[in-house]
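Every value quoted in this text rests on a predicted model; they were computed, and no experiment measured them. Each residue takes its place number in the sequence, starting with 1.
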Amino acid sequence: MKKLFVCCVLCLMSVASFAQTEVTVKAGTLVPLQVVNYTKAADVNVGQKVLFRVARDINIDGVTAIPYGTTVNGTVYEAKKSSWWGTKGRLGIKVTEMYAPNGEMIPLQNGDLYVTGKNRTTLSVLLFCFVTIPACFICGSKAEVMPGYEIQANVAANTVIKVN
């Protein structure tokens, strides 16, 4: 009888330890994101995905709701490489959603990354007019993002997720 009682208690304890708890991630919660790979406007196309990761654990009520390293995809909405006459490069990436480790979707907003290169049009035109014709071939600087570059996004709506 004692063995049966001990077995029942251990079973109940193990079930309780594997139970999932529900946590509400409130709208407006900041989610810090980092770019994972080197990204250059000349190498990506509009609609292509760019990989981000959560930069720090997001804790809610003492529970880690979104762990560090959770991957997030951003979508390129503008990609212009630098060109002649000093035109600068431009790169725009928008992050609109992420998936929690258990697969639940969390909507995000204000997760925009917009990077521009340096414009050299004035230099190119002045050199072209006063010095030499090859000055028109001067390009603006490239729009590029290094790994580890950090942006912040906000959770768009209250979202209930299950956490182990």
Side-chain angles (χ1 to χ4, degrees), residues 23-128 131-164:
V23 176
T24 301
V25 181
K26 294 186 179 178
T29 301
L30 287 176
V31 180
L33 303 170
Q34 289 179 335
V35 176
V36 174
N37 300 319
Y38 174 75
T39 308
K40 188 166 61 169
D43 297 338
V44 295
N45 298 314
V46 173
Q48 188 172 335
K49 300 292 184 187
V50 176
L51 192 62
F52 290 82
R53 73 170 166 240
V54 175
R56 288 180 287 289
D57 287 340
I58 306 299
N59 295 319
I60 298 170
D61 298 330
V63 176
T64 302
I66 305 169
Y68 165 80
T70 301
T71 57
V72 180
N73 284 322
T75 306
V76 176
Y77 66 88
E78 183 178 5
K80 304 271 183 183
K81 66 180 187 174
S82 60
S83 62
W84 295 359
W85 294 102
T87 305
K88 64 186 175 183
R90 295 182 300 278
L91 175 63
I93 303 169
K94 185 178 287 286
V95 179
T96 57
E97 63 188 21
M98 69 178 290
Y99 289 90
N102 64 351
E104 295 180 56
M105 195 271 292
I106 301 171
L108 298 175
Q109 65 185 4
N110 302 329
D112 290 349
L113 171 61
Y114 192 77
V115 180
T116 61
K118 187 183 276 185
N119 194 353
R120 295 184 183 143
T121 302
T122 307
L123 173 67
S124 179
V125 170
L126 287 175
L127 287 176
F128 178 77
V131 180
T132 180
I133 291 175
C136 68
F137 298 113
I138 294 174
C139 293
S141 64
K142 300 171 182 152
E144 54 192 7
V145 181
M146 298 299 192
Y149 187 88
E150 195 166 306
I151 65 168
Q152 289 188 346
N154 299 82
V155 175
N158 289 346
T159 308
V160 178
I161 61 172
K162 293 178 181 152
V163 180
N164 292 337

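The two atoms that bring A157 and P107 nearest to each other are N-CG, 4.1 Å, heavy atoms only. Of all heavy-atom pairs between N73 and K49, the closest is CB-CD, 4.1 Å. Closest approach of A27 to A156, counting heavy atoms only: CB-O, 3.8 Å. Annotation for K162 and E104: closest pair N-OE2, 3.0 Å, computed over non-hydrogen atoms. In terms of heavy-atom proximity, L30 sits nearest to P32 at O-CD, 3.8 Å. Q34 and G148 get closest at one heavy-atom pair: CG-O, 4.0 Å.
A distance of 4.5 Å separates CD1 of I93 from CZ of F52, quoted to the nearest 0.5 Å. A distance of 10.0 Å separates CG of L33 from CZ of R56, quoted to the nearest 0.5 Å. Atom CG of D112 sits about 5.0 Å away from atom OH of Y77, to the nearest 0.5 Å. Atom OG1 of T29 and atom CD of Q152 lie 12.0 Å apart (nearest 0.5 Å).
Sequence neighbours left out, the pairs with a member in residues 60-72 that pass side-chain hydrogen bond (donor to acceptor under 3.5 Å, both in side chains) are N59-T64.
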What's the verdict on side-chain contact (heavy atoms from CB on, under 4.5 Å) for V50 and V145, showing C-alpha distance, side-chain angles and the deciding distance?
CA-CA 11 Å; V50 176; V145 181; over 6 Å; no
What's the verdict on side-chain contact (heavy atoms from CB on, under 4.5 Å) for V76 and L91, showing C-alpha distance, side-chain angles and the deciding distance?
CA-CA 8 Å; V76 176; L91 175 63; 4.3 Å; yes
Apply side-chain contact (heavy atoms from CB on, under 4.5 Å) to Y149 and T39, showing your working.
CA-CA 10 Å; Y149 187 88; T39 308; over 6 Å; no
side-chain contact (heavy atoms from CB on, under 4.5 Å) between M98 and I66, worked out
CA-CA 10 Å; M98 69 178 290; I66 305 169; 3.5 Å; yes
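No donor-acceptor pair closer than 3.5 Å links the side chain of E97 to the backbone N or O of M105.
Contact of the V31 side chain with the N154 side chain is not registered, since no non-hydrogen atoms from C-beta on lie closer than 4.5 Å. V35 has its side chain out of reach of P147: every pair of non-hydrogen atoms, C-beta onward, lies at least 4.5 Å apart.
Remark: A65 pairs with V23, V25, I60, I161 by the side-chain contact (heavy atoms from CB on, under 4.5 Å) rule, at least two apart or across chains. Contacts of E78 classified as side-chain hydrogen bond (donor to acceptor under 3.5 Å, both in side chains), with partners at least two apart in sequence or in another chain: R90, Y114.
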